[in-house]
Amino acid sequence: MAAHKPVEWVQAVITRFDEQLPIKVGHQNTHTKISTEHNKECLINISKYKFSLVISGLTTILKNVNNMLSFLLCFYMFVSISVCFQSKDCLRLDETMLVKQLLPEICQFIHTYREGHQHASELRASASAVLFSLSCNNFNAVFSRISTRLQELTMCSEDNVDVHDIDLMQYINVDCSKLKRLLQETVLKFRALKKPAQLAVISSLEKAFWNWVENYPDEFTTLYQRPQADMAEAAEKLFDLVDSFAESAKRKAAVWPLQIILLILCPEITHTISKDTVEDSKANKKLFLDSLRKALAGQGGNKQLMESAAIACVKLCKASTYVNWEDHSTIFLLVQSIVMDLKALLFNPAKPFWRGTGSQNADVELMMDCFLLLTDTFPLCLPDLFGLFLTFYLPLRPCELSHLDWWPKIDAVYCYSGELRFMFADTLNRVIQGGGTHAPIRMTPSLTFIGKKTTSLKFKEKATDLDTRSYKCLLLALVKLIHADPKLMLHNPVKQAPEMQSSTAELITGLVQLVPLNNTTQLSQEAMEALLVLHQPETIELWNPDAPIETFWDIRYLTAVSFL
């Protein structure tokens with residue numbers, strides 16, 4: 001039957017998928033969840049053979065989505081479409097038409113759901129993941145939408161313009177050749193754009209660069225081994241255009257992060273401007289670097305420029321981590337010329353780096369990236385809450401970039417395992433108390449954690465709601481770290497067997513305590529994942545190498561009776 005009526009059969013599966021989504025059936029039980037997952041898998045499998053029918057059907061459903069639909073419906077749809085695009089067996093003749101139909105529906109979820117909507121960030125993340133998948137094999141369609149909007153904006157006389165389609169640059173898949181096309185297209189149209197559109201281009205291109213570096217690190221490394229003249233030409237032209245745009249301190253602060261990236265794309269130019277004298281065409285690049293260093297050192301007294309200089313210099317440091325030290329690139333000379341001032345600005349205990357209310361997450365991320373090269377700052381930051389974030393995120397980066405042979409290995413921070421375990425125990429206690437959940441797990445005296453006093457972390461005696469959220473973020477980061485590399489948290493090189501067993505028990509019972517938390521789903525899920533990793537046979541042997549089996553059963557018994 002299916003062979004003779006493929007359209008009707010595919011439509012039946014799509015209809016069934018639509019009808020069983022949470023928005024249609026209300027609260028889902030285990031049976032309906034399994035059925036929905038089964039239908040989703042069917043659609044994905046069918047898409048390998050009837051790709052156009054599946055995508056057309058899903059696009060039709062998306063067109064009927066309104067603001068009242070639940071996030072779950074959108075999430076299921078986005079995930080299904082994303083997997084369909086990734087799993088299709090070959091390019092279809094009608095694919096261009098399908099993409100043109102689907103692209104506006106995906107873009108509306110990126111553009112429409114801004115801050116304030118209950119699931120704004122989740123919706124954008126899901127929609128951007130689909131856009132990324134779509135652009136892998138259909139870049140021209142997405143690029144055409146961006147290019148068309150840029151062309152329209154060059155002829156627009158209004159200052160208040162819609163720049164949403166320009167933002168698509170930051171979500172799409174870009175390799176070296178695609179990034180080059182974006183740069184060349186921007187060079188052609190940048191001067192004719194109004195200020196809001198120019199700022200949107202500046203921000204989006206910066207994110208597109210990191211999109212390229214993080215997804216194609218080998219291409220970026222190759223750029224420093226064999227520089228590309230056409231890439232450097234486009235980057236230099238755009239640098240000059242942006243430099244002319246930055247006529248005030250406020251504009252300079254907005255464009256410096258992109259300008260450092262454009263210089264990074266020109267290895268030969270960075271080598272040229274490192275000399276004492278340079279030709280006139282390169283003088284503005286050398287002047288830019290001098291201004292960057294002066295602002296970073298606090299010369300000039302402009303706080304906005306100093307903060308922008310810090311951001312730009314951290315991006316320089318971050319980019320250098322993707323380049324092999326053995327290439328002896330000039331980028332490392334630039335890093336060395338700013339690293340001391342950058343360290344003094346970002347990691348000054350007497351004057352913490354702070355850009356104001358609402359910037360805490362961005363500031364933490366900025367210091368985290370800087371921390372990649374400044375590992376000697378690690379002990380200095382331990383007492384500070386920002387330092388705790390850095391402490392947890394730092395080891396995650398080596399895990400993520402382990403494919404780069406020259407990247408520092410995770411065992412470089414194993415010596416801080418004791419501090420990390422203490423932070424986990426203390427922050428867990430703060431989260432439990434602040435969340436109003438059940439009391440901490442009862443532990444026998446012999447297995448109770450004994451360590452540094454909590455006063456060293458400078459926690460407030462009475463936590464506010466903001467503090468509680470910060471502790472939860474902190475705890476989530478640490479649980480992710482346990483998941484990423486459990487060996488780090490189990491490292492006890494100088495402790496005796498009873499102490500090793502005690503610290504392992506503290507870690508595992510703490511994770512068990514997080515599992516039933518109903519008000520923090522992500523934290524609960526990550527805790528379960530971390531527990532699974534800790535219970536891998538090779539990891540169990542590290543619980544207490546002197547007596548792994550006895551320790552395993554003792555801790556399992558402890559966690560079992562703690563909730564009785």
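Side chains included, hydrogens not; waters and symmetry mates left out as well; all remaining heavy atoms used.
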inquiry  = Would you say that L490 contacts K487 through its side chain, given a criterion of any heavy-atom pair below 4.5 Å between the two side chains?
reply    = no
message = For the residue pair W543 / Q501, report whether a side-chain donor-acceptor contact shorter than 3.5 Å exists.
response = no
task = Give the intermediate values and the outcome of side-chain contact (heavy atoms from CB on, under 4.5 Å) for residues W256 and L292.
result = CA-CA 8 Å; W256 275 4; L292 202 65; 3.5 Å; yes
ask   = Looking at CD1 of I482 and CG of L488, how far apart are the two atoms once the value is rounded to the nearest 0.5 Å?
value = 9.0 Å
key: From S204 atom OG to I166 atom CD1, the distance as rounded to the nearest 0.5 Å   = 7.0 Å
inquiry  = Can you confirm whether F209 sits close enough to I264 that some side-chain heavy atom of one is under 4.5 Å from a side-chain heavy atom of the other?
reply    = yes
query = After noting the C-alpha distance and the side-chain angles of I261 and L316, does the key distance pass the side-chain contact (heavy atoms from CB on, under 4.5 Å) rule?
reply = CA-CA 7 Å; I261 285 173; L316 173 65; over 6 Å; no
remark   = Scanning both residues in full, the closest heavy-atom pair of I106 with A127 reads CG2-O, 3.5 Å
ask   = Heavy-atom distance under 4.5 Å between the side chains of Q304 and K252, does that happen here?
value = no
request  = Sequence neighbours left out, what passes side chain to side chain donor-acceptor pair (under 3.5 Å) with S337? Give chain and number order.
outcome  = R293
message = Any salt bridge linking K480 with E529? Criterion: basic side-chain nitrogen under 4.0 Å from a carboxylate oxygen.
response = no
message = Using every non-hydrogen atom in the two residues, find where L346 and V314 come nearest and quote the distance to one decimal.
response = CD1-CG2, 3.8 Å
request  = Please report the shortest heavy-atom distance between M423 and L478, naming the atom on each side.
outcome  = C-CD2, 4.2 Å
Heavy-atom pair of closest approach, residues H491 and R421 = O-NH1, 3.0 Å
key: Steps toward side-chain contact (heavy atoms from CB on, under 4.5 Å) verdict (M306, L296)   = CA-CA 5 Å; M306 181 176 65; L296 186 66; 5.7 Å; no
Residue from T221, N173, V174 passing side-chain contact (heavy atoms from CB on, under 4.5 Å) with Y216 = N173
query = Is any side-chain heavy atom of F132 less than 4.5 Å from a side-chain heavy atom of Y171?
reply = no
query = Relative to the ring of W210, is the ring of Y322 parallel (under 30°), tilted (30 to 60°) or perpendicular (over 60°)?
reply = tilted
message = On a heavy-atom basis, which atom in V335 and which in C317 lie closest, and how many Å separate them?
response = CG1-SG, 4.1 Å
task = Just do the side-chain contact (heavy atoms from CB on, under 4.5 Å) check on F424 and L481 with the steps written out, would you?
result = CA-CA 11 Å; F424 171 77; L481 176 57; over 6 Å; no
ask   = Who pairs with S203 by side chain to side chain donor-acceptor pair (under 3.5 Å), at least two apart in sequence or on another chain?
value = K207
remark   = Looking only at heavy atoms, the pair that brings A208 and M169 closest together is CB-O, 3.6 Å
message = Test of understanding: with ring-ring contact (aromatic ring centres under 6.0 Å, His included), list the residues that count as partners of H483, not counting sequence neighbours.
response = none
